[in-house]
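Chain naming here is simple, since letters A, B, ... match the order of the sequence lines and numbering starts at 1 in each. For the numbers below, each heavy atom of this structure counts, side chains included, while hydrogens, waters and symmetry mates do not. These numbers come from a predicted model, not from an experiment.
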Amino acid sequence: MPGELDELTQARVRKLDALREMGVDPFPKKYERSHLSGELIQHFEEIEGTTVRVAGRLVGAIRDLGGSGFAHILDASGRIQVLFRRNTLGAEGFSVYRLLDAGDFVGVAGKAMRTRTGEITVEAAELTFLSKAIRPLPEKWHGLTDVEKRHRQRYLDLIASEDVRRVFALRSRAVSAIRRFLDGRGFLEVETPILQTLAAGAAARPFETFSNALDASLYLRIAIELHLKRAVVGGIERVYEIGRVFRNEGVDRQHNPEFTMMELYQAYADYEDIMELVESLVSSVAVELLGTTRVQWGNDEIDLAPPWPRRTLRELMIELAGVDYAAYGDDGALIAAARAAGLNPEDTWNRAKLIDELKSSLVDPKLVQPCFVVDYPAETTPLAKRKSSESLLVERFEAFIGGMEIGDAFSELNDPIEQRRRMEDQAALGAEGDPGAQALDEDFLEALEHGMPPTGGVGIGIDRLVMVLANQPNIREVILFPLLRPRVGG
RNA sequence: GGGCCGCUAGCUCAAUGGCAGAGCAGCUGACUCUUAAUCAGCGGGUUCGGGGUUCAAGUCCCCGGCGGCUCACCA
C-alpha cells in the first residue's frame, strides 16, 4: 500500500524510529553466525553449554513474559527457539528485544541450552537487530491459505510453510541429481537459443515477440529438440539442456505456459536405449532424494523401480479406450469410433488428432504406474524414425507416471530426404489450418543434410517429474512463481 | 470459453433484508521457562467495483473484476 500506511505498518515504523533513536542500526550490513539452527539441533550434545551465534527471521508468536520472552527464529535449515532474559541480556539489549515484531531478522549470541520442557534454545546474551519487517506476516496458526496469495507472494508461503520449503528444496536437488546422472554418463550440457525466428520441434502455439535491432518477429522456443540435434550433427555425441520452454496454450493442473524441459540426445542409441536411460534416471533420482523408488501419489503408491512395462499404443488403446485405430482405414470411420467411445470429435480432426484425443482422454489418465507407451503412427510424429522402411509406425515412446506424460522420446529421424518430406506434410497440414502441425525448419534440414549419426533422444518435463516426486498434483505447487493473470490497478 | 463456488478488519472466519461481529495480530498495562503463553483494557471496516430494487442491502437483482474447483481447449 504505497502512500497511506495502515495501522500495523505505522506501529512497526514507529519501532524502527525508536531503534534509531537508541543508536541501533536497524539494517546493519552483516552478521557472523556459528551455526545454522539445524546444525545446532543435530549436534546439540557436543554444543550444549557453549556460546553460539544464530540468525534468522522471527516467526510465530513472541511469548513475552515481562522480564523474559521466548520466540522462534527461522533460518535456511529450520526453526530454533531463542530466549531473551533481562538478567542475561542487560537493560540495553532487553530494550531492543521489546521493539521486536514477528517477521524481523535478528542475530542472537548466547548459550545453547534446553528449557524445562526440553526444547533446544539459545539464551541470548547479545541481541543484534538485523532487519525490520514493517508489514505483518501471515497469521500464525492458520498459516497462509489463500491460494492466490500463496502463488503471487510465494515468499510468504515459504515463510509460513515448511512443506512448501521442502517441495522447492526437493525440486532443486532433483535438478542437481539429474545433472550428476547425465554428467556421469558423459553428456555435455549446452545452452541453445530461446529467441528463435521459427518455433519448431513440437506441435504447440508459440509466444511471439519482436527484435528492434533485427526488425524481425521472433518466437520463444516451444522445444529444444532441433538445436540439440544440430549439436549432435556437430559431433557432440551426448548432449543435453535443462531449460525453459514456452507454449502459448491452456493453463491447468498439468500445464504452465512456461515450464522446464530436460532434453537429451545420445548418438549411436535408439529409443530402446533411451527407455533404459529414462527409467534408470528417474528411479536413481528418487533413490538419491527420497531413499526409495516407492512414492505416494494421491491415494496410490507408485513404484519407480525399473524395468517399466513397455506397452504398444495400439494395445493400450484397445484395452483402455476400446478402439483399435488400425482397424479404421479412413478418418470418417475413426471419427465414428471416437464418438462411440464417448468423445466429441469435430469433422475437421485428422487421424493424428483423433488418435491423440482418444489417447489423452481415455488412456493417459489410467497410466498411474510408470509405463512406456511405444510405437506411434508415423503421422503423429514427424521427427521420429520409422520402425522399418515400409512401416506405418515410428520408434517413439512416451513415459507416463501418475497419469501424466513425463517424457517423449524417439529414435531420431536422420534421413534428411524423409525428414524434409515429413516436414512438408506437416507444413501442408498447417496450411490447411491445422494448429497442431509442426513448422518446417529449413535451417535444421540443412544441418541434417550434412549427416547425423543414428541418435536417440528424449524430452522430460521436469516440473511434472517433481510433481510425482513431491506428491503434488498441481504444477503450480512445484513452480516458485507460476504465471498468473496480471493484477489490475497494481 | 462453459458450469459451480467464493471475495467482509492485517490474517482466519461470523452476521432470518433491520445498529458489521469474534478469535488471532496491533496498541496500553501486569507477568523472568513460554511455545495457539496467560490476564485486564483500547483502537481497527470503500463488506471486490459499479448500477438497481427497498423505508432499509454484506445479504436480493443486473453488469464487471479477481480467484478456486471442474469441464472444454491445448502436448
A:Lys132 NZ: over 12 foreign heavy atoms closer than 6.0 Å = yes

Electrostatic pair [X]-[Y], nearest N-O below 4.0 angstrom:
X: A:Arg310; Y: A:Glu272; result: no
X: A:Glu477; Y: A:Arg150; result: yes
X: A:Arg166; Y: A:Asp163; result: yes
X: A:Glu225; Y: A:Lys229; result: yes
X: A:Arg98; Y: A:Asp64; result: yes
X: A:Asp104; Y: A:Lys15; result: no

Separation of the [atom1] atoms in [N] and [M], to the nearest angstrom:
N: B:A56; M: B:A40; atom1: P; result: 42 Å
N: B:G18; M: B:C24; atom1: P; result: 28 Å
N: B:C5; M: B:C62; atom1: P; result: 13 Å
N: B:G64; M: B:G3; atom1: P; result: 12 Å
N: B:G44; M: B:A9; atom1: C1'; result: 6 Å
N: B:A14; M: B:G23; atom1: C1'; result: 11 Å
N: B:A36; M: B:U12; atom1: C1'; result: 13 Å
N: B:A25; M: B:C61; atom1: C1'; result: 37 Å

Does a nitrogen or oxygen in the side chain of A:Asn474 sit under 4.0 Å from OP1 or OP2 of B:C69?
->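 Answer is yes, contact under 4.0 Å.
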
Between A:Lys15 and B:C27, does any side-chain N or O lie under 4.0 Å from OP1 or OP2?
-> yes

State, without any angle test, whether A:Gln81 and A:Thr115 hold a side-chain donor-acceptor pair at a distance under 3.5 Å.
-> no

Pairs where [range] contributes a residue and the test salt bridge (Lys or Arg N to Asp or Glu O under 4.0 Å) is met, not counting sequence neighbours:
range: residues 71-92 of chain A; result: A:Arg85-A:Glu123
range: residues 356-372 of chain A; result: A:Lys353-A:Glu357, A:Lys359-A:Asp364, A:Lys359-A:Glu398
range: residues 252-261 of chain A; result: A:Arg244-A:Glu258

Readout for nucleotides 29-35 of chain B: B = base within 4.0 Å of protein heavy atom, S = sugar-phosphate only, - = neither; 5' to 3' it is --BBBBB

Would you please name every residue forming a ring-ring contact (aromatic ring centres under 6.0 Å, His included) with A:Phe168, sequence neighbours left out?
->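 Testing A:Phe168 for ring-ring contact (aromatic ring centres under 6.0 Å, His included), a comparison that skips the adjacent residues, returns none.
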
Is it true that A:Phe410 and A:Tyr271 have ring centroids separated by less than 6.0 Å?
->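 Judged by ring-centre distance (under 6.0 Å), A:Phe410 and A:Tyr271 do not meet the cut-off.
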
Which whole-number value in Å describes the distance from [X] [atom1] to [N] [atom2]?
X: A:Asp101; N: B:G26; atom1: CG; atom2: P; result: 7 Å
X: A:Leu58; N: B:G26; atom1: CG; atom2: P; result: 12 Å
X: A:Leu100; N: B:G26; atom1: CG; atom2: P; result: 12 Å
X: A:Leu358; N: B:C73; atom1: CG; atom2: P; result: 12 Å
X: A:Leu156; N: B:U12; atom1: CG; atom2: P; result: 11 Å
X: A:Ile62; N: B:U38; atom1: CD1; atom2: P; result: 15 Å
X: A:Arg253; N: B:C71; atom1: CZ; atom2: C1'; result: 11 Å
X: A:Gln10; N: B:U28; atom1: CD; atom2: P; result: 14 Å

Please produce a list of atom pairs where a protein N or O lies less than 3.5 Å from an N or O of nucleotides 41-43 of chain B.
from	atom 1	to	atom 2	distance (Å)
B:G43	N2	A:Glu7	OE1	3.0
B:G43	N2	A:Glu7	OE2	3.3

What are the atom names and distances for every N/O pair under 3.5 Å that joins the protein to nucleotides 2-7 of chain B?
none

Among residues 397-410 of chain A, which residues get a heavy atom nearer than 4.0 Å to RNA chain B?
->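 Those residues are A:Glu398, A:Glu405, A:Asp408.
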
Start with the C-alpha distance between A:Tyr219 and A:Thr209, add both sets of side-chain angles, then the distance that settles side chain to side chain contact (heavy atoms under 4.5 Å, CB included), and finish with yes or no.
-> CA-CA 6 Å; A:Tyr219 302 91; A:Thr209 184; over 6 Å; no

Candidates A:Leu74, A:Ile73, A:Asp101 - the one meeting side chain to side chain contact (heavy atoms under 4.5 Å, CB included) with A:Leu58 |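 Single side chain to side chain contact (heavy atoms under 4.5 Å, CB included) partner of A:Leu58 among A:Leu74, A:Ile73, A:Asp101: A:Ile73.
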
Per-nucleotide pairing state of RNA chain B [Watson-Crick or G-U, under 3.5 Å; [ ] pseudoknot-crossing; | other strand] = (((((((..((((....[..)))).(((((.......))))).....(((((..]....))))))))))))....

What donor-acceptor contacts under 3.5 angstrom involve side-chain atoms of residues 38-45 of chain A, with partners at least two apart or in another chain?
from	atom 1	to	atom 2	distance (Å)
A:Glu39	OE1	A:Leu36	N	2.9
A:His43	ND1	A:Glu39	O	3.3
A:Glu45	OE2	A:Arg114	NH2	3.4

With a 3.5 Å cut-off and just heavy-atom distances, do the side chain of A:Asn248 and the base of B:C74 make a donor-acceptor pair?
->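 No, no donor-acceptor pair under 3.5 Å.
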
Does anything in residues 50-85 of chain A pair up under ring-ring contact (aromatic ring centres under 6.0 Å, His included), and if so which pairs, sequence neighbours excluded?
->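 Matches after skipping sequence neighbours: A:Phe84-A:Tyr97.
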
What residues, two or more places apart in sequence or in another chain, satisfy side chain to side chain donor-acceptor pair (under 3.5 Å) together with A:Gln419?
-> none

Which part of the nucleic acid does A:Lys359 contact within heavy-atom distance under 4.0 Å: base, sugar-phosphate only, or nothing?
-> nothing

